[in-house]
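Notes follow the structure.
Throughout, residue positions are numbered sequentially from 1 according to the sequence presented. Worth saying up front: this structure is predicted, and the values here are computed from it rather than measured.
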Amino acid sequence: MRFRNAIHITMDNFSSVFKLLLYSVLTGAVFMSLGYLILRLGLDGIISGSPTKTVAELIKGFFNAIVTGNSAWIQDTFQNSFAEAFGELKELIRNSTGAIVGTGVGVAAIYLLSRFMNGLGRFAVAGTMNDRMSTFSRTRFSGSYFKNLAKGALYEIIYVPLIFLYDLIAVLVCWFAFFWLPAAFSISGWVSILCSLSLTVTAFACLEALKMTLVSAWIPAIVAGEKKVARAFRESICAKKHFGRRFASFLVAAYLIMVVNILFALCTFGSALLVTLPLSFVFLLSLQFVQYYEDNSKKYFISSRTIAGGEEKPDDLKE
């Protein structure tokens, strides 16, 4: 029931997909330009250095020699010249350690700032969605953006670093599942590759479901419950009511989102991701709000003639 209601609400708020897409494209263009500028300024000494150009020319000549069958050039010229040029490149990189570290820090800062700004866009969509569910009214994206800007900014200041650390842990777990678990059970060959992929996807889906379960009530508690950001976070993390049901819903959602995005990307050579990616965020927001409204016995609109939620049924109280 909750999953079906979330799908209905997603379709009812489908226009938010294109608003979120336009917002993401604009912010993405700005931050990609800033990232390119930082990389260009920080690594220009390495990129434009003669050792880098020499290595690039030797690699190009290597592939040309393979195509033309010039094996003598590879044996007589390429090996010695490449070893010498690569040694000079390593020395250049060693002397530019400070610039490389500074560039890395700058790119990381731009990445976190881009996640912060994109999060503000999703928070604005959450505001319009809550207005639609609570009063069945249409709120402009820009109006919701500036109305919830202060709360959204504070939420993102806390959310972005926490989720960044969580995602790093998730990457390490997936890396362990892909490279170490099959080897631990002495699995080899194609079976090893299939097991690695299966374990990695399973670990990723479960970790994403767990993350969404823990923070699922955070945004709804701020927007719909009008609670302070810190209190909403604490209540979302500590919420035990229907934990298994929420986890199962988000686990199914994680698999569904992966299948839809991969399938549409393959069938349209990636172009459908312009729609399916923001649609995935809108659907996750819908599911979060449905879970929050249902867990707190609050009524909400699915359509102009359909209202869900309210008092729990006896079957729900037994769970």
With a 4.5 Å cut-off on side-chain heavy atoms, are Leu251 and Tyr255 touching?
yes

Salt bridge check, Glu235 against Arg231: does any charged N sit closer than 4.0 Å to a carboxylate O?
yes

Looking at Asn5 and Glu294, what are the two nearest heavy atoms and their distance?
ND2-OE2, 4.1 Å

If you measure only the distance, is there a donor-acceptor pair under 3.5 Å linking the side chains of Thr276 and Asn261?
yes

Donor-acceptor pair, side chain of Arg246 and main chain of Lys241, under 3.5 angstrom
yes

Are there over 12 heavy-atom neighbours, none belonging to Glu84, within less than 6.0 Å of that residue's CD?
no

All heavy atoms of Met258 vs all of Ala205, minimum pair found to be CE-CB, 3.8 Å

If you count the non-hydrogen atoms of other residues, nucleotides and ligands that lie under 6.0 Å from CE in Met32, is the total more than 12?
no

Exam field: side chain Asn296 to backbone Tyr292, donor-acceptor pair closer than 3.5 Å
yes

Within the side chain of Ser114, is there an N or O that forms a donor-acceptor pair under 3.5 Å with the backbone of Tyr111?
yes

Taking the inter-plane angle between the rings of Phe136 and Phe301 on a 0 to 90° scale, is it parallel (under 30°), tilted (30 to 60°) or perpendicular (over 60°)?
tilted

Any donor and acceptor pair, going by atom type alone, linking the side chain of Tyr166 with main-chain N or O of Leu207 inside 3.5 Å?
yes

Salt bridge or not for Lys60 and Glu57, using N-O below 4.0 Å?
no

One thing to verify: whether Arg138 and Asp12 come together as a salt bridge, which I'm taking to mean a side-chain N less than 4.0 angstrom from a carboxylate O.
yes

Between Phe3 and Phe283, is the gap from one ring center to the other below 6.0 Å?
yes

Honestly curious: do Ile169 and Val201 fall in one hydrophobic cluster under the side-chain, below-4.5 Å linking rule?
yes

Kindly say whether the aromatic ring centers of Tyr300 and Phe289 come within a distance under 6.0 Å.
no

Leu37 vs Leu41 side-chain heavy atoms within contact, under 4.5 Å
yes

Hey, is the main chain of Met117 close enough, under 3.5 Å, to the side chain of Tyr23 for a donor-acceptor pair?
yes

Should we count OH of Tyr36 as having more than 12 external heavy atoms under 6.0 Å?
no

Trace of the side chain to side chain contact (heavy atoms under 4.5 Å, CB included) decision for Leu277 with Phe264
CA-CA 10 Å; Leu277 285 178; Phe264 275 75; over 6 Å; no

Output, in order, the C-alpha distance, side-chain angles, deciding distance and verdict of side chain to side chain contact (heavy atoms under 4.5 Å, CB included) for Ile163 and Arg115.
CA-CA 10 Å; Ile163 297 304; Arg115 292 193 63 168; 3.5 Å; yes

Check for a donor-acceptor pair, side chain of Ser236 on one end and backbone N or O of Leu214 on the other, with a separation under 3.5 Å.
yes

To the nearest 0.5 Å, how far apart are CD1 in Ile237 and OG in Ser216?
9.0 Å

Quick one: do Phe14 and Leu279 satisfy side chain to side chain contact (heavy atoms under 4.5 Å, CB included)? Show the steps, please.
CA-CA 8 Å; Phe14 194 77; Leu279 179 62; 3.8 Å; yes

Looking at side-chain heavy atoms only, is the closest gap between Phe233 and Leu162 below 4.5 Å?
yes

Connected via hydrophobic side-chain network under 4.5 Å: Phe18 and Tyr145:
yes

Are Trp218 and Ile158 close enough, and set up right, to give a side chain to side chain contact (heavy atoms under 4.5 Å, CB included), and what steps lead you there?
CA-CA 11 Å; Trp218 195 359; Ile158 301 173; 3.6 Å; yes

Heavy-atom pair of closest approach, residues Gly127 and Val223
CA-CG1, 4.0 Å

NZ of Lys147: more than 12 outside heavy atoms within 6.0 angstrom?
no

May I ask you to test the Phe250-Gln288 pair for a side-chain heavy-atom distance under 4.5 Å?
yes

When you look at CZ of Phe204, are more than 12 heavy atoms from neighbouring residues, nucleotides or ligands closer to it than 6.0 Å?
no

Are the side chains of Ser249 and Gln291 in contact, using a 4.5 Å heavy-atom criterion?
yes

Any side-chain heavy-atom pair from Leu284 and Ile257 closer than 4.5 angstrom?
yes

Indicate whether the side chain of Ser144 and that of Thr128 have a donor and an acceptor atom separated by less than 3.5 Å.
no

Tell me, do Asp295 and Arg2 make a side-chain contact under 4.5 Å, heavy atoms counted?
yes

More than 12 non-hydrogen atoms from neighbouring residues, nucleotides or ligands closer than 6.0 Å to CZ on Arg305, yes or no?
no

Counting N and O atoms only, with roles assigned by atom type, does the side chain of Ser271 sit under 3.5 Å from a partner on the main chain of Thr268, one being a donor and the other an acceptor?
yes

d(Lys227 NZ, Lys151 NZ) to nearest 0.5 Å is 12.0 Å

Cluster overlap Phe281 with Leu26, hydrophobic side-chain contacts below 4.5 Å
no

Nearest non-hydrogen partners of Ile302 and Ala308, listed with the distance:
CD1-CB, 3.6 Å

When clusters are formed by joining ILVMFWY residues with side-chain heavy atoms under 4.5 Å apart, either directly or through shared neighbours, do Leu285 and Tyr159 land in the same one?
yes

What I'd like to find out is whether the side chain of Asp167 reaches to under 4.5 Å of the side chain of Glu208, using heavy atoms alone.
yes

I need the minimum non-hydrogen distance between Ile9 and Ser286, along with the two atoms involved.
CG2-OG, 3.8 Å

Considering all heavy atoms, the nearest Ser198-Thr202 contact
O-OG1, 2.7 Å

